[in-house]
There are 2 protein chains.
Amino acid sequence: MNIGEVAKRAGVSRSTVSYALSGKRPVSEQTRRKIEQVIADLGYRPNASARALANGRTSTLGLVFPPAGGHYTGMQLDFIGSVVEAASAYDYDVTLSTSGMDSDRSFQRLLGERRVDGAILMEIRLEDDRVDHFTRVDFPFVTIGRTAHPEQTWWVGIDHAALAASCVRHLADLGHRTVALVNRPEHLLRVGYESAHRGLEGFTKAAAERGLTARTYRCGDSAAAGEACVAQILHDDPTTTALVTLNEAALGGLYRGLAEAGRLVPHDFSVTGIAAGHWAETMTPQLTAADVPAAELGRLAVELLVERLDHPDATPRHHLLTPPIALRASTGPA
Amino acid sequence: MNIGEVAKRAGVSRSTVSYALSGKRPVSEQTRRKIEQVIADLGYRPNASARALANGRTSTLGLVFPPAGGHYTGMQLDFIGSVVEAASAYDYDVTLSTSGMDSDRSFQRLLGERRVDGAILMEIRLEDDRVDHFTRVDFPFVTIGRTAHPEQTWWVGIDHAALAASCVRHLADLGHRTVALVNRPEHLLRVGYESAHRGLEGFTKAAAERGLTARTYRCGDSAAAGEACVAQILHDDPTTTALVTLNEAALGGLYRGLAEAGRLVPHDFSVTGIAAGHWAETMTPQLTAADVPAAELGRLAVELLVERLDHPDATPRHHLLTPPIALRASTGPA
DNA sequence: TTGAAAGCGTTACCAT
DNA sequence: ATGGTAACGCTTTCAA
């Protein structure tokens, strides 16, 4: 059941069928109906590979996210889901590629073999070789997150610095004087992970502005690491009364560590940070946090990429989101 | 930079280049080296669309998972990640498709336009029209989870009935006499969601065998719903001393509800269920639970699918996993 | 308004 | 061991 078969049964040429389908050339009402009839009877659908070969576009987007090993966060799943749904609305498929560096196998396949028309990159680093590579070969892409020099690139992101800063100010307003930052793991900072660096920067700056005593910690992406991290914080400075976390996966462990140290949240100790909204709500007490609008970011990324694909010479655009802190139950007066 | 260009520069024909690449026909050592040289210089990679058109295979697998709306669970992300990684090891890409029913748009695209060679279906229902559809059109697929009649199909899954039953027995062994089941939401049961039904079945049967008083509840996939569910459970029968949950997303709410009711876990009340391991560990106290080996399931699903694609007439195979309960800190003597 | 035919970049069969 | 060429199924230009 290819286009030739449809043409034969409808008594027209293949080109007429093609035009009837695409509407790029007028087709008489009569033949159009005849063709539609045959198509419905046969259940014909044009072959995607042939179509891709003919017009040089695959109607597929690549979504590049880092390999497992490190656990995935809830945020990442929300991104993936929203990207797939948004892409589907524009008639694009999404193929996944796990890749940390531009040397990855599946990453090279997507690009080299032209399996996708464009790509969305997650988990951006300040200096990102994947971004450099895409830019160098002029391949259309949008990043979720931004590099150190995002001027000429297309991206969506949240303002981690502003978010971390507003967490600090929120704590300062409540009277806290000694605070800690629970960041992502050491190795992510070392490779220049954007959110970890910008969050750290915002935290540090805001703490200085408010004259707070501030310490920063790197913490593994697990409950166990979070628990250990709290112990360290309280050991280093027992007068600490609040923390800001950029580490979603450690959150449960942070709570547990505080409980073990006999610090009641929010009475004796305040916790806040950046996290996915529904995750923040599973905690007890519910986490006062800047909710990452992952679904919206995914949708915006797709919209930008589609726009870029439709207008290859458009000037780069971006969206920087600064969601407000959702006040819940994990922070209180010092 | 297509195969013709390579051929020209190497001074051979296109077919020779093709055979040098695929190894399906002997090529003299000399020309092979010359060709490889040119390929390296040009950075040539065969075009995936052309290749797919020529040999009728896309080297892409479809991964069908349900649309958002209901939040995704941690398990689902683990599946996705492991499927992508395993597929990559077999040189397959993975394209995602959100679909609840066989009528979905992106689902139809994947199938109808032959964008994928085979598919992996998640979130299986006992009577699943997607499975029926795939079977009817003889499209190669593997399900994560199994239908009511899985005899002639390829699948991987976990034995939810056995897992729920062993949770019940664990509680009975601890002396609990009145227990509750926190299941997935009403609408999922109504559409015949496998894990919810089989879990319910295993729970009910095991409770009867041990002569326990048992009640079952349907609970929304959120912390708030979990909180409400616990309130209901304790209202319906205040003598309830333990619960089994199939609902990962509600877990945080269940703990909160118990705390609000003044029931200390595990001292006054035991909680157990089926969940992803690292999720179970973020809870305080850590959840004693049957850990779903999501990563392993994803890998096995890919292996089965690849096998099926390589041997179209092989007889259906499957893997039924029954992970043991990991004893943590949320259960204790009645 | 429609048809014929030349691509798109591979693969694989048929020759030599 | 290698080359020529007809597929694969679609789009689009050129003609009528």
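Order of the sequence lines fixes the chain letters, A, B, ..., with proteins taken first and strands second; residue numbering starts at 1 for each chain.
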Chemist: Starting from the C-alpha separation in whole Å, work towards a yes-or-no answer on side chain to side chain donor-acceptor pair (under 3.5 Å) for A/D93 and B/T95.
Modeler: CA-CA 7 Å; A/D93 280 331; B/T95 114; 4.8 Å; no

Chemist: Could you give me the CA-CA distance, side-chain angles and deciding distance for A/S97 and A/S106, then say whether side chain to side chain donor-acceptor pair (under 3.5 Å) is met?
Modeler: CA-CA 6 Å; A/S97 166; A/S106 93; 2.7 Å; yes

Chemist: In whole angstrom, what separates B/K34's NZ from D/dT2's C1'?
Modeler: 17 Å

Chemist: Side chains of A/T16 and A/S13 only: does a donor on one sit below 3.5 Å from an acceptor on the other?
Modeler: yes

Chemist: The test is side chain to side chain donor-acceptor pair (under 3.5 Å); show your working for B/T31 and B/S28 and say whether it passes.
Modeler: CA-CA 6 Å; B/T31 53; B/S28 81; 3.0 Å; yes

Chemist: In terms of relative ring orientation, are A/F134 and A/F107 parallel, tilted or perpendicular, with 30° and 60° separating the classes?
Modeler: tilted

Chemist: With the sugar-phosphate defined as primed atoms, P, OP1 and OP2, and the base as all remaining atoms, what B/S/- string results for nucleotides 9-16 of chain D, 5' to 3', for protein heavy atoms under 4.0 Å?
Modeler: BBSBBB--

Chemist: Earliest and latest nucleotide of DNA chain C, 5' to 3', sitting under 4.0 Å from a non-hydrogen atom of chain A?
Modeler: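 Going 5' to 3' along DNA chain C, contacts run C/dT1 to C/dG9.
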
Chemist: Look at B/T31 and D/dA1 and indicate whether a side-chain polar atom (N or O) is within less than 4.0 Å of OP1 or OP2.
Modeler: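 No, because none of the side-chain N or O atoms of B/T31 sits under 4.0 Å from OP1 or OP2 of D/dA1.
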
Chemist: Between B/D91 and A/R105, is there a salt bridge with N-O shorter than 4.0 Å?
Modeler: yes

Chemist: Could you give the side-chain donor-acceptor pairs of residues 292-307 of chain A under 3.5 Å, partners two or more places apart or in another chain?
Modeler:
unit_1	atom_1	unit_2	atom_2	d
A/R299	NH1	A/E303	OE2	3.1
A/E307	OE1	A/R317	NE	3.3
A/E307	OE1	A/R317	NH2	2.7
A/E307	OE2	A/R317	NE	3.0

Chemist: Quick test of your reading of the model: are A/E194 and A/R125 salt-bridged, counting only N-O distances below 4.0 Å?
Modeler: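 Between A/R125 and A/E194 there is no salt bridge, as every charged N stays at least 4.0 Å from the carboxylate O atoms.
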
